[in-house]
Enquirer: 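Would you mind keeping the following structure in view while I ask a few things?
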There are 2 protein chains.
Amino acid sequence: MANIQDVAKQAGVSIATVSRVLNNTSKVSEKTRYNVEKAIRELNYAPSMLGRNLRNSESRLLLVLIHTFSNPYYTEIINGIEDYSIENNYNILLCETDNNQQREDIFINMVRNKLADGIISMNPTVHVNKLKELSKSHPVVLCSDYYEDTNIPYIAIDNTTAAYRAVKYLINMGNTKIGLINFNEKLLYAKQRRIGFEKALNEYQLPICHEWIQHSDGLTFQDGVETMRRMLRSKDRPTAIFAISDTLAIGAIKELHAHGIKVPEEMAIIGFDNIAFSSMTTPALTTVSQPTYQMGYRSAKMVIDRIQGASVDNVIMDYELIIRESTLG
Amino acid sequence: MANIQDVAKQAGVSIATVSRVLNNTSKVSEKTRYNVEKAIRELNYAPSMLGRNLRNSESRLLLVLIHTFSNPYYTEIINGIEDYSIENNYNILLCETDNNQQREDIFINMVRNKLADGIISMNPTVHVNKLKELSKSHPVVLCSDYYEDTNIPYIAIDNTTAAYRAVKYLINMGNTKIGLINFNEKLLYAKQRRIGFEKALNEYQLPICHEWIQHSDGLTFQDGVETMRRMLRSKDRPTAIFAISDTLAIGAIKELHAHGIKVPEEMAIIGFDNIAFSSMTTPALTTVSQPTYQMGYRSAKMVIDRIQGASVDNVIMDYELIIRESTLG
DNA sequence: TTGAAAGCGCTAACAT
DNA sequence: ATGTTAGCGCTTTCAA
C-alpha cells in the first residue's frame, strides 16, 4: 500500500504538501493540488489513520459497553449513539462484556491505551471502581443505568416515578392484587422500580404480598417464562403484574398462555422498555417507553463534549406509558 | 498520561528495555524487570496501542458490516464473531450502514486506512463493486449473504434447499394452497428461497398463485403486518405461508390475529431464522434455524486466516427445521 | 543483558 | 506556495 512518501515522490512535491491537500489545511496552488490528487488516484492511496491518530493523539473511537446484544432494549440507544458519533466524525466500538470481568478490563484498558477516546457504559455490572477510577482521567458517561455516589455523569429516566405511575395505572384499572417481576436489585434501576411499585401500593393501602414479588435470574424471554412459573405456585394469584422489563413480561405472558390463563382478562401485565417486539405479542404489551434513541444520541454528545474538555451535567429524560391490550381487561 | 519514556526514566533503563518487559520478547534480568514493573505501577502507565500498531502496521480490529442492529437475526452471529475475535486478540467494530452508501464508504475506507485489518460483511446491500475491489488487496469475508461471480469468500447455508424442505414440509402437512412472503430479490438469499419454494410446489404439481406471492418492503415486524394485509386482499386465501424471515412471519401472524384468522387452524405459517422471539409468540413459530453462532465464529476465523496470509475456502453450513405450533394445524 | 538509534505514516511549526 | 524537519509512542535491529 502506498504511503504519503510515495505520493509525494510521484507528484514531485514534499510530503508536507501532500498532507496539505489531504487536510485542506492551507493554500495549495491549483496545479500542485491537481498533481497530488492525480498521484493519489494513480497509487490508489489512502492515508493511514494510525499515523494520523498517533500524531494527533486521538483515535476518534468511542467505546460502548453493553452487557449483551441480545437485549433488544439497547437497539435504539445504539442507533442514537451511532448517529451523533458519525455526525461528529467519531466511530463507535460496541463492546459486549457478557458480565465477564476480564473483558471489561480489556475494554477499559483500550481507553487508557489510547485506542479509544471515551466510554459510554450501559453495562450495569461493570466493575464500578475501575470505571470510577478511569473516569477521573478519561471521559466516561453512563447511559440508562447509573450508580449513586460516583461522579460519573449519566443520562437516565426517573425509574422510581415511572414505576410508580405504571402501578398506579394498574390500580386505577381496578386491580388490587398486584405482583412484581423484578431483577437483581444490585442494578439501581431494579431497586428504583421496586420502590416505585411499593410506593403506589402503599399510597392505596394495598397489601404487598411476598409471594407475588418474584426475582428473575436474567433478562431473557426464558427468564420471564421461569419467573412466572414460580409466581403461579402461590395459592392466591394476583390479577395484575408489573414486570421490570418487556422481555420478562413477554416470557411471562407465554407461560400464562401455557397454563390457559387469559391476558388481560384473568391477569393484566405491564412491561418496561417498549422494545420492538412488545407491540407484536398477542395481546400487545402495555409498557413504559423510554426515549431510547434520544438517550443514546445525547449520551454520545456528552462523552464527546467531555473529550473536548467541556464539563457536562447529568440528564433526566421523560418517559411515557404506552397502553396496549395486555392491561385492557 | 505517562509514556514509555517516562517509565524508562523512572526505572533508570532505556525504552528498549521497557518494551522488552512489556512484550516479554527477550531476556531481561530479574532485577531490571522488577524495577520496570514498579515504575509502570507508580506511573499508572498503559502502553499506547496507537504507537504499537503503527509500528507493527496492524490494528487488530475487525470491521463487521451490518445493515441494522434492529434485526435480531444478527445477534448470535455477532456473538460468534466476537468470541473468536477476542480469543485471537482482535476486537470488532460493529458498523451499521443503514443502507447508506456514504457510511459504507467510510467503513470500507477504514480498512484501506489501516484502521482495521479486515471486514466481515453481512450487509447484502453494500456496494458490491467497492467490496470486490477491496477484497483484492484486503481480507474480506461474507457471512450469511453473498454474491455470485465474485471471488470474495463466504459462509452461508444452502438457502434453496432449506426453503424447498420447509415448503415440502407444509405440503406434507396437507397444504395445497401455499403462499410466499418474500423480500427484495436483489438479495441473493431472497431469490434462492423463492426458487426453493417454487421447486417444492412444482414437484408436487401445485399451483403457484401470484396473488399469494407478496414482496415486503423491509424486514421489520411492521413490514410483515403490511405484507400480510396485502395478501389478505385476494379473494381466495392460501392455507399456509412460507415467510422468508421470522420478523415478517411474526408480523404476519399479528395481522392474521387482527382479522380473527386462527393460526395454524386456518392458516399455517413457517418462518426463517429462528430468532429468540420466535418461540415466544402465540402460537410459537415453526422456522428454519441457521447455525448463526457457528457462522459468526467461523467467518471470524476466515478473515483472521486471510489476514495472516492463508487462503480460505467457502463454507456451506447445515440448517434445521424447527417445528413449533404455527404449522401444527 | 542492555542501550542507541532507525523508522512506522503522519501533522505542524518554522523557514524560505 | 512550498519544503525541511521534529516528533507522536512504540518495536526491533545492531552493537556493545
Enquirer: Does the distance from a Lys or Arg side-chain N to an Asp or Glu carboxylate O, for B:Asp83 and A:Arg103, drop under 4.0 Å?
Expert: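 Yes, B:Asp83 and A:Arg103 are salt-bridged.
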Enquirer: Which of the following nucleotides, C:dT11, D:dT11, C:dA12, is nearest to the side chain of B:Asn23?
Expert: D:dT11
Enquirer: Any donor-acceptor pair under 3.5 Å linking the side chain of B:Glu104 with the backbone of B:His127?
Expert: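 Side chain of B:Glu104 to backbone of B:His127: a pair is present.
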Enquirer: Determine whether a donor-acceptor pair (N or O, by modelled atom type, separation under 3.5 Å) exists between the side chain of B:Arg60 and the backbone of B:Asn89.
Expert: yes
Enquirer: Could you tell me how far apart B:Asp117 (CG) and C:dC8 (C1') are, to the nearest whole angstrom?
Expert: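 Between C1' of C:dC8 and CG of B:Asp117: 15 Å.
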Enquirer: Rounded to whole angstroms, how far apart are CG on B:Asn3 and P on D:dG7?
Expert: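 Distance, rounded to whole Å: 13 Å.
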Enquirer: Please round to 10 degrees the angle between the axis of the first five pairs and the axis of the last five pairs in the helix from C:dT1-D:dA16 to C:dT16-D:dA1.
Expert: 40°
Enquirer: Taking the side chain of B:Ile4 as its heavy atoms from C-beta onward, which of C:dT2, D:dT2, D:dT11 lies nearest to it?
Expert: D:dT11
Enquirer: Side chain of A:Ser29 only, please: which of C:dT11, D:dT2, D:dT12 is the nearest?
Expert: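 Selected nucleotide: D:dT2.
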Enquirer: Look at the side-chain N and O atoms of A:Ser14 and state whether any lies under 4.0 Å from the OP1 or OP2 oxygen of D:dG3.
Expert: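 Checking A:Ser14 against D:dG3: at least one side-chain N or O falls below 4.0 Å of OP1 or OP2.
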Enquirer: What's the CD1-P distance between A:Ile15 and C:dA13, to the nearest Å?
Expert: 15 Å
Enquirer: Among B:Asn23, B:Thr17, B:Ile15, which residue meets the side-chain contact (heavy atoms from CB on, under 4.5 Å) test with B:Ser19?
Expert: B:Asn23
Enquirer: Starting at atom CG of B:Asn35, determine the distance to atom P of C:dT1, rounded to an integer number of angstrom.
Expert: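 For the pair B:Asn35 CG and C:dT1 P, the rounded distance is 16 Å.
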Enquirer: When you measure from the side chain of B:Arg52, which nucleotide among C:dC14, D:dT11, C:dA4 comes out closest?
Expert: D:dT11
Enquirer: Phosphate oxygens OP1/OP2 of C:dA12: is one of them under 4.0 Å from a side-chain N or O of A:Ser19?
Expert: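 So the side-chain polar atoms of A:Ser19 never come under 4.0 Å of the phosphate oxygens OP1 or OP2 of C:dA12.
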Enquirer: C:dG3, C:dG9, D:dC10: which one has an atom nearest the side-chain heavy atoms of B:Tyr45?
Expert: D:dC10
Enquirer: Check the distance between C:dC10's P and B:Leu54's CG and give it to me in whole angstrom.
Expert: 9 Å
Enquirer: Which sits closer to the 5' end of DNA chain C, B:Gly51 or B:Lys27, going by the nucleotide each is nearest to?
Expert: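 Going by which nucleotide is closer to the 5' end, it is B:Lys27.
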Enquirer: Quickly work out the B:Arg55 CZ to C:dA5 C1' distance and round it to whole Å.
Expert: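 Result: 11 Å.
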Enquirer: Output the rounded distance in Å from CE (A:Met49) to C1' (D:dC8).
Expert: 16 Å
Enquirer: Looking only at side-chain atoms of B:Ser26, point me to the closest of C:dC10, D:dG3, C:dT2.
Expert: C:dT2
Enquirer: Taking B:Asn35 for its side chain and B:Thr32 for its backbone only, find out whether a donor-acceptor pair lies under 3.5 Å.
Expert: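 No, because the side chain of B:Asn35 does not come within donor-acceptor range (under 3.5 Å) of the backbone of B:Thr32.
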Enquirer: Check every strand shown and say whether B:Asn56 touches a base, only sugar-phosphate, or nothing at a heavy-atom separation below 4.0 Å.
Expert: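 Sugar-phosphate contact only.
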Enquirer: Counting neighbours of CG on B:Asn151 that are heavy atoms of other residues, nucleotides or ligands and sit closer than 6.0 Å, is the number greater than 12?
Expert: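 At most 12 heavy atoms, drawn from other residues, nucleotides or ligands, come within 6.0 Å of this atom.
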Enquirer: Under 4.0 Å between a Lys/Arg side-chain N and an Asp/Glu carboxylate O for A:Lys38 and A:Glu42?
Expert: yes
Enquirer: Whole angstrom is fine here: how far is it from CG in B:Leu50 over to C1' in C:dC10?
Expert: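 Whole-Å distance recorded here is 11 Å.
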Enquirer: Which of these, A:Ser85, A:Ser299, A:Pro139, A:Ser144, sits in a side-chain contact (heavy atoms from CB on, under 4.5 Å) with A:Ile120?
Expert: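 Of the listed residues A:Ser85, A:Ser299, A:Pro139, A:Ser144, the side-chain contact (heavy atoms from CB on, under 4.5 Å) partner of A:Ile120 is A:Ser299.
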